[in-house]
Amino acid sequence: MSAHGKKSLWLMNADRERAAGLVQEDSTAKSASIAPLFTLYFQAWELAQADGVLLERLEHAAEALALSRAIAALVEEAVGGSASLRWAVKVSEAEHLVMVVRDALTDREEGCL
């Protein structure tokens with residue numbers, strides 16, 4: 001804990017590396033409640049990119065998108081600045097992944113007809 005009574009909340013990304021700069025705020029219930037969202041986001045992101053059934057990948061990509069939007073809103077409210085911008089980028093990446101997987105699923109279905 002710093003001299004100002006603040007504690008950094010360093011989260012781990014999917015590779016168990018410190019996800020520096022994602023969130024830094026007072027040690028409050030709000031910071032504790034956002035941590036599970038990060039975990040769920042990284043799990044959904046990995047599953048959406050993994051080899052597997054396209055429909056399952058689409059479901060995980062949509063889940064990652066919803067979580068990234070929720071996290072972006074919470075980060076903007078809590079700290080704003082560059083952390084907010086980073087999560088805006090993650091939202092954009094998740095939107096793109098949803099489109100790519102959806103398009104692949106559509107192409108596969110059209111090829112089967």
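Computed from heavy atoms alone, side chains included, the values below leave out hydrogens, waters and symmetry copies.
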Go through the side-chain N and O atoms of T106 and R102 and say whether any donor and acceptor fall under 3.5 Å apart.
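No.
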How long is the gap from [atom1] on [X] to [atom2] on [Y], to the nearest 0.5 Å?
| X | Y | atom1 | atom2 | value |
| --- | --- | --- | --- | --- |
| Y41 | R69 | OH | CZ | 12.0 Å |
| H60 | E46 | NE2 | CD | 11.5 Å |
| D103 | D107 | CG | CG | 6.5 Å |
| F42 | S68 | CZ | OG | 10.5 Å |

Closest approach of A61 to A48 (non-hydrogen atoms, all atoms of both residues):
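Distance-wise, the nearest heavy atoms are N-CB, 3.5 Å.
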List the atom of L74, the atom of I34, and the distance in Å for their closest heavy-atom pair.
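That closest heavy-atom pairing would be CB-CD1, 3.7 Å.
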Indicate yes or no for a side-chain donor-acceptor contact from R57 to the backbone of D51 under 3.5 Å, with no hydrogens or angles considered.
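A pair under 3.5 Å: no.
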Does the side chain of R108 come within less than 4.5 Å of L105's, by heavy atoms?
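Side-chain contact under 4.5 Å: yes.
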Single-linkage hydrophobic cluster [X]~[Y], side-chain heavy atoms < 4.5 angstrom:
| X | Y | answer |
| --- | --- | --- |
| V53 | L47 | no |
| L65 | L40 | yes |
| L85 | I71 | no |

Contacts of type side chain to side chain donor-acceptor pair (under 3.5 Å), residue E76, not counting sequence neighbours:
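For E76, the residues satisfying side chain to side chain donor-acceptor pair (under 3.5 Å) (neighbours in sequence not counted) are S84.
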Between W45 and F38, is a ring-ring contact (aromatic ring centres under 6.0 Å, His included) present by the stated rule, with each step listed?
CA-CA 10 Å; W45 183 255; F38 284 104; over 10 Å; no
